[in-house]
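Below, chains carry the letters A, B, ... as their sequence lines are ordered, and counting in each starts from 1.
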Amino acid sequence: MGGGHGSSVDRLHIAGNTVIHRLAPQVKIVATFAFVISVAIAPRQRVEVFAVALVCVLAFIAVARIPVRVWLARCAVILPFMTMAVLVPFVGGGEQTEVLGVSLSTDGLWAAFNIAAKALIGASASIVLAATTPVTGLLEGFARLRVPRVLISIVAFMIRYLDLLVAQLGRMRTAMVARAHDPRWLWQAKPIASSAGALFVRSYERGERVHQAMLARGYTGVMPDLVEQSRPRSDWWAAIIVPAPVVAVLVLGLL
Amino acid sequence: MSCAPLSVDGLCFTYPGEHHRALDGFGLQVVAGERVAVLGPNGSGKTTFVMHLNGLHQLQQGAITIGDLEMCDDNLAEIRRRVGAVFQDADDQLFMPSVRADVAFGPANLGVPKGDRDAIVERALTQVGAMDLIDRTPHHLSGGEKRRVAIATVLAMDPHMLVLDEPTSGLDPFGRRELADLLVSLPQTQLVVTHDLPFALQICPRSVVVSGGRVVADGPTSEVLADTALLEANRLELPYGFDPSRV
């Protein structure tokens with residue numbers, strides 16, 4: 001792989017210098033988590049909570065200068081949930097409501113709204129986090145939040161070698177196509193299955209070589225703590241401000 | 001920074017489950033600061049030998065001494081610090097999410113406090129001329145850049161000796177020339193395992209030829225490469241039109 005190609009994971013990051021980009025990653029992680037949780041626990045009938053959350057998330061997208069097209073394209077990950085949400089009113093029981101001449105379950109309609117609203121807002125918040133924080137920043141953020149080092153290492157290794165794996169798969173596919181393999185039907189899947197096996201073996205061997213390279217540099221079985229010296233950050237206000245409007249509306253309704 | 005002599009005597013090694021000896025009485029003496037090319041065909045035992053220098057293969061028979069340290073389990077950590085191994089595939093060597101973290105990995109394992117690591121990382125990267133890559137991710141680097149960063153990862157451990165396995169593989173001619181300049185500028189004792197005979201001639205005054213798990217020839221690189229019978233007997237071949245006596 002030559003220089004300049006973005007990796008599949010780093011492609012989510014959109015370089016910028018907005019106030020959201022500049023926040024410390026650990027603050028952004030906590031803020032996103034708090035925001036998503038406060039939306040997730042909102043009862044489905046509390047439409048005003050979802051309205052406020054949507055306004056907030058749109059504001060974050062605007063402040064972070066994430067192009068609307070990019071946001072919508074990335075929202076495609078929630079499409080499977082949306083499909084399910086659409087089905088619920090048709091199959092739901094209980095009280096029925098007439099919508100455009102079709103009898104739908106009222107309960108089902110609320111359930112669909114609940115799934116759709118929470119999925120859209122949750123995904124959008126994650127999109128803002130991923131677009132404004134490089135992967136290394138996220139890893140560093142999780143390390144600062146005292147997530148066990150072994151978990152961070154697993155994710156870091158996965159990210160580091162995912163692209164190599166994809167590239168290797170691509171080369172094997174090219175090699176097959178170059179020898180006139182043109183899979184269209186299920187019974188032609190055998191070469192793909194055996195190439196998956198070969199890929200596994202190659203990955204396993206790479207894992208061994210990486211482990212030896214680690215041992216050669218004094219690895220003793222414990223990943224060293226590589227988080228840089230902590231710089232004093234006064235960003236934690238963001239972790240309170242980000243979920244504050246949603247929490248405020250949520251709590252006001254309970255009074 | 002210091003450099004250490006290397007002494008290898010009667011090294012024998014058989015891979016588990018095999019009868020064939022990968023190393024069969026391998027012996028080599030290298031004086032401090034010397035650059036020696038280790039030449040030989042595929043399967044001659046070069047890589048097995050490299051693994052031994054870093055204690056990655058358990059010693060079965062024979063002895064290895066690096067400086068005043070004999071290879072044994074008690075000295076393993078110190079030997080791994082003193083011997084910097086640069087592996088053939090730089091993607092195996094660069095496993096951390098950023099160049100900075102990768103170069104800091106060795107010093108961190110050695111217990112260098114966080115505050116001192118930045119200076120070490122910057123010094124190692126400056127030494128290989130890769131300071132501008134410090135915040136990049138390793139998989140975004142070109143082949144030549146990866147190789148230089150891989151060398152920086154071991155220089156950060158202040159090694160006395162460098163062992164490079166096929167350092168020119170996958171490099172374009174420009175990257176290869178840069179690597180030659182870099183290796184010549186480093187003071188450490190160096191063992192350069194390679195198939196690239198012109199590269200060996202360019203940077204190593206002395207070469208050994210390995211075959212069947214032992215050293216079968218040892219001498220000035222220009223003489224070794226001029227011995228066509230020796231090269232042919234060991235499946236070594238100069239590039240077409242290359243005449244070592246006219247370099």
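With respect to the salt-bridge test (charged N to carboxylate O, under 4.0 angstrom), the residues A:Arg160 and B:Asp91 qualify. At a threshold of 4.0 Å, the pair B:Arg148-B:Glu145 does not count as salt-bridged, since none of the basic side-chain nitrogens sits closer than that to a carboxylate oxygen.
Only the side chain of B:Thr137 comes within contact range of chain A, judged by heavy atoms closer than 4.5 Å. Both the backbone and the side chain of B:Leu94 come within contact range of chain A, judged by heavy atoms closer than 4.5 Å. Looking at B:Phe87, the atoms closer than 4.5 Å to chain A (heavy atoms on both sides) all sit in the side chain, from C-beta outward.
The environment of A:Tyr219 atom OH is dense: over 12 non-hydrogen atoms of other residues, nucleotides or ligands sit within 6.0 angstrom.
The aromatic rings of A:Tyr161 and A:Phe157 sit parallel to each other, their planes meeting at less than 30°, with 60° as the upper class boundary.
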